[in-house]
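Positions are given from 1, in the same order as the sequence printed here. All values below come from the heavy atoms of this structure, side chains included, with hydrogens, waters and symmetry mates left out.
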Amino acid sequence: MRQWWPHLERQGDLVARVRSLQQDGYRLAAAWQDDRIVCCAGYRIAENLLRGRYLHVDELVTAQDVRSTGIGQRLLKALIEEARNLECQGVVLECGLGNGRAHAFYFREGLRISAFRFAVDFFPVFGGE
């Protein structure tokens, strides 16, 4: 996650923010290669009127040096299986507009665009997303 959001590490905020999110049900999943995490996902179980109970992937990141090796695909499949095991209606994730490589990956994995997200930002958001 540090590769994608270095501003959190510079601020010393990454661990604190994850711990705070965990209080509201945020979970982490990771794929290891030897003694190193090479892919990780932050997710939570959510529920709303439209979707019912679903697994929401907040982040899915893969280290640059292991992209296109199948590790992200395996972690995504594990998250989908976790959603089934938890009797969710499906899996939802958000991906920034400028992240075309990720869009292509999600399409290859059978995900589809099901909604637009609209936002009003009060403070600058890292990456402009």
Can you check whether [Y]'s main-chain N or O pairs, donor with acceptor, with [X]'s side chain at less than 3.5 Å?
X	Y	result
His103	Gly96	yes
Asn48	Leu50	yes
Arg44	Arg27	no

For the residue pair [X] and [Y], establish whether any side-chain heavy-atom pair is separated by less than 4.5 Å.
X	Y	result
Glu47	Gln89	no
Leu55	Val92	no
Asp58	Tyr43	no

What are the two closest non-hydrogen atoms of [X] and [Y], and how far apart are they?
X	Y	answer
Thr62	Gly72	OG1-CA, 4.0 Å
Arg53	Glu87	CD-O, 3.9 Å
Gly90	Ala83	O-CB, 4.1 Å

Roughly how far, to the nearest 0.5 Å, is [atom2] of [Y] from [atom1] of [X]?
X	Y	atom1	atom2	value
Phe105	Arg67	CZ	CZ	11.0 Å
Leu79	Glu81	CG	CD	10.5 Å
Tyr26	Glu59	OH	CD	3.5 Å

Task: Cluster link Tyr54 to Leu76, ILVMFWY, side chain under 4.5 Å - done: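 Different clusters: Tyr54 never reaches Leu76 through Ile, Leu, Val, Met, Phe, Trp or Tyr contacts under 4.5 Å.
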Task: hydrophobic_cluster_shared for Ile71 and Ile80, side chain cutoff 4.5 Å - done: no
Open item on the list: I need the single residue from Cys40, Cys95, Cys39 that forms a side-chain contact (heavy atoms from CB on, under 4.5 Å) with Leu60. Which is it?
Closed with: Cys39
Task: Remaining members of the apolar cluster that contains Trp32, side-chain heavy atoms under 4.5 Å - done: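 Members besides Trp32, by chain and number: Ile37.
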Open item on the list: Quick one about Thr69 and Arg74 (side-chain donor to acceptor, distance below 3.5 Å, no hydrogens or angles considered), yes or no?
Closed with: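 Checked: Arg74/Thr69 side chains show no N/O donor-acceptor pair below 3.5 Å.
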Task: Intermediate values then yes/no, side-chain contact (heavy atoms from CB on, under 4.5 Å), Val91 and Val57 - done: CA-CA 7 Å; Val91 173; Val57 180; 4.0 Å; yes
TODO: Start with the C-alpha distance between Arg51 and Ser114, add both sets of side-chain angles, then the distance that settles side-chain contact (heavy atoms from CB on, under 4.5 Å), and finish with yes or no.
DONE: CA-CA 11 Å; Arg51 298 187 182 283; Ser114 63; 3.0 Å; yes
